[in-house]
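Each remark here refers to the structure printed beneath this line.
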Amino acid sequence: MVDLFVDRVLVKNNKDQDELDTEREIVTRLQNRLLMLFFASAESETCQRFAPTLHDFFKQLTDEFYVERSAQLVLLYISLDQSEEELENFLKELPKKSLFLAYEDPYRRELETMFDVREVPTVVVLRPDCSVLIPNAVEEITRMGPDCYRNWHEAAELIDRNFLNKEDFEDKSMRSFSDPVRRLKYKVEEEEKKKKEKKKKKKKKQCRGWGAGGDEGEEAGVGR
């Protein structure tokens with residue numbers, strides 16, 4: 001994924017519109033994360049209706065109010081707007097933690113062609129290796145909400161960062177969006193623990209056996 005943007009300038013959707021323009025900054029932001037490329041246009045009513053849904057989806061997965069630790073997810077707006085003013089207005093509908101490509105950046109159209117975008121809105125979900133995980137996740141996001149991240153996380157085989165729902169953390173249930181991986185990890189650890197306990201018990205039995213043998217020998221000697 002990093003290769004797609006290593007020579008590009010990504011802009012933060014914050015008040016100052018800070019730029020990520022060095023390879024180190026871009027690698028830090030994108031490495032080991034799922035990337036959502038959001039292709040949309042402000043003049044599209046469908047995009048206008050979908051924007052609040054996407055905003056809430058991303059916020060519930062990355063905002064500390066909802067989660068103890070942010071999901072491994074990046075949202076990048078690829079504007080197909082007809083003017084810079086339209087782009088700026090539409091950015092107001094998107095999360096502050098999202099990124100975008102500047103209007104004057106021709107790479108926007110290259111990405112549109114690269115991922116064969118034929119309608120808006122389109123949300124292309126990419127794995128960290130740049131391969132396409134979901135060609136268009138709009139319907140899935142609308143239908144399932146944040147729950148679909150669990151499927152993406154597991155399908156992309158991300159290195160787990162112990163993503164937790166805040167309520168799960170408070171209830172000490174310690175569930176994550178990679179439960180199957182964690183369960184396997186705990187299963188392996190539990191098996192290793194049991195093996196160690198068996199070895200300890202075996203050694204104790206052997207020690208008792210040796211002690212009993214020594215007592216019998218002493219009693220036999222006394223008898224003689």
Side-chain angles (χ1 to χ4, degrees), residues 1-2 4-5 10 13 29-81 90-101 108 111-168 173 175-183:
M1 181 197 306
V2 175
L4 275 176
F5 300 100
L10 302 182
N13 187 27
R29 189 64 179 267
L30 302 183
Q31 195 171 39
N32 192 41
R33 286 174 171 81
L34 291 171
L35 175 62
M36 295 192 298
L37 300 180
F38 177 39
F39 295 87
S41 171
E43 66 179 7
S44 165
E45 291 184 6
T46 309
C47 291
Q48 291 285 356
R49 288 195 299 271
F50 177 67
T53 301
L54 181 63
H55 182 284
D56 291 344
F57 170 85
F58 188 74
K59 190 172 183 178
Q60 288 178 42
L61 288 167
T62 59
D63 194 291
E64 61 182 11
F65 179 81
Y66 297 96
V67 292
E68 188 64 28
R69 192 167 186 176
S70 175
Q72 292 159 261
L73 196 63
V74 176
L75 175 61
L76 177 60
Y77 176 48
I78 311 298
S79 165
L80 301 182
D81 296 300
F90 197 65
L91 286 173
K92 297 174 184 177
E93 306 298 322
L94 300 180
K96 298 300 181 184
K97 290 184 178 181
S98 60
L99 304 173
F100 67 96
L101 289 176
R108 296 183 299 115
L111 290 171
E112 179 187 12
T113 302
M114 187 185 305
F115 293 103
D116 194 24
V117 176
R118 300 184 181 185
E119 62 179 349
V120 291
T122 288
V123 176
V124 180
V125 182
L126 300 180
R127 297 182 180 90
D129 64 0
C130 293
S131 62
V132 176
L133 180 63
I134 310 289
N136 190 357
V138 170
E139 189 276 333
E140 189 175 354
I141 291 171
T142 303
R143 177 170 49 87
M144 297 180 63
D147 288 343
C148 62
Y149 176 75
R150 179 195 300 270
N151 300 331
W152 300 354
H153 187 286
E154 293 173 0
E157 298 181 343
L158 295 178
I159 299 173
D160 186 23
R161 292 176 59 234
N162 295 322
F163 175 78
L164 300 174
N165 283 325
K166 193 161 188 175
E167 58 268 25
D168 293 340
S173 60
R175 291 183 293 107
S176 78
F177 277 118
S178 56
D179 279 343
V181 177
R182 296 186 57 171
R183 283 198 296 270

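These numbers were taken from a predicted model, which means no experiment stands behind them.
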- request: Please test Val117 against Leu37 for side chain to side chain contact (heavy atoms under 4.5 Å, CB included), starting from the C-alpha separation and ending with a verdict.
  value: CA-CA 11 Å; Val117 176; Leu37 300 180; over 6 Å; no

- prompt: At their closest point, which heavy atom of Thr62 faces which heavy atom of Lys97, and how far apart are they?
  reply: O-NZ, 3.1 Å

field: Val124 vs Ile78, side chain to side chain contact (heavy atoms under 4.5 Å, CB included): CA-CA, chis, key distance, verdict
entry: CA-CA 10 Å; Val124 180; Ile78 311 298; over 6 Å; no

Atom CD of Glu139: over 12 foreign heavy atoms under 6.0 Å: yes

- prompt: Is a side-chain donor or acceptor of Arg127 paired with a backbone partner of Val132 at a separation under 3.5 angstrom?
  reply: yes

message: Quick check: do Phe38 and Leu94 have side-chain heavy atoms less than 4.5 Å from each other?
response: yes

Side-chain donor-acceptor pairs under 3.5 Å in residues 42-50, sequence neighbours left out?
{"residue": "Ser44", "atom": "OG", "partner": "Thr46", "partner atom": "N", "Å": "3.4"}
{"residue": "Ser44", "atom": "OG", "partner": "Cys47", "partner atom": "N", "Å": "3.2"}
{"residue": "Gln48", "atom": "NE2", "partner": "Ala42", "partner atom": "O", "Å": "2.8"}

query: Are any non-hydrogen side-chain atoms of Met144 and Asn151 less than 4.5 angstrom apart?
result: yes

message: What's the separation between atom CG in Leu30 and atom CG in Leu76, rounded to the nearest 0.5 Å?
response: 8.0 Å

- prompt: Atom CG in Leu35, atom SG in Cys130: separation rounded to 0.5 Å?
  reply: 8.5 Å

- request: Heavy atoms only: give me the nearest Asn32-Gln72 pair and the separation to one decimal.
  value: ND2-NE2, 3.0 Å

task: Write down the atom of Asn136, the atom of Pro121, and the distance for their closest heavy-atom approach.
output: ND2-O, 3.7 Å

field: Atom CZ of Arg143 with >12 non-hydrogen neighbours under 6.0 angstrom
entry: yes

task: Would you give the length of the straight line joining atom CZ of Phe39 to atom CZ of Arg108, rounded to the nearest 0.5 angstrom?
output: 10.5 Å

Evaluation steps, side chain to side chain contact (heavy atoms under 4.5 Å, CB included), between Leu80 and Glu112: CA-CA 9 Å; Leu80 301 182; Glu112 179 187 12; 3.7 Å; yes

- request: Answer whether the closest heavy-atom distance between the side chains of Tyr149 and Leu34 falls below 4.5 Å.
  value: yes

query: Between atom CD1 of Ile159 and atom CZ of Arg33, what is the distance when rounded to the nearest 0.5 Å?
result: 11.5 Å

task: Would you check, one step at a time, whether the test side chain to side chain contact (heavy atoms under 4.5 Å, CB included) holds for Phe115 with Thr122?
output: CA-CA 10 Å; Phe115 293 103; Thr122 288; over 6 Å; no

message: Looking at every heavy atom in both Phe58 and Leu73, which two are closest together, and how far apart are they?
response: CE1-O, 3.8 Å

message: Taking the side chain as everything from C-beta on, heavy atoms only, tell me whether Asn13 gets closer than 4.5 Å to Leu99.
response: no

Residue of the set Val125, Val123, Ile134, Asp147 for which side chain to side chain contact (heavy atoms under 4.5 Å, CB included) holds with Ile141: Val123

- prompt: Shortest non-hydrogen contact from Gly145 to Phe57?
  reply: O-CE1, 3.3 Å

query: Can you tell me if NZ on Lys59 sees more than 12 non-hydrogen neighbours from other groups inside 6.0 Å?
result: no

query: Where do Trp152 and Glu140 come nearest, in terms of heavy atoms and distance?
result: NE1-OE2, 3.3 Å

message: Working to the nearest 0.5 angstrom, can you tell me the gap between His55 NE2 and Gln60 CD?
response: 10.5 Å

message: Restricting to salt bridge (charged side-chain N to carboxylate O under 4.0 Å, His left out), what partner residues turn up for Glu93, sequence neighbours left out?
response: none

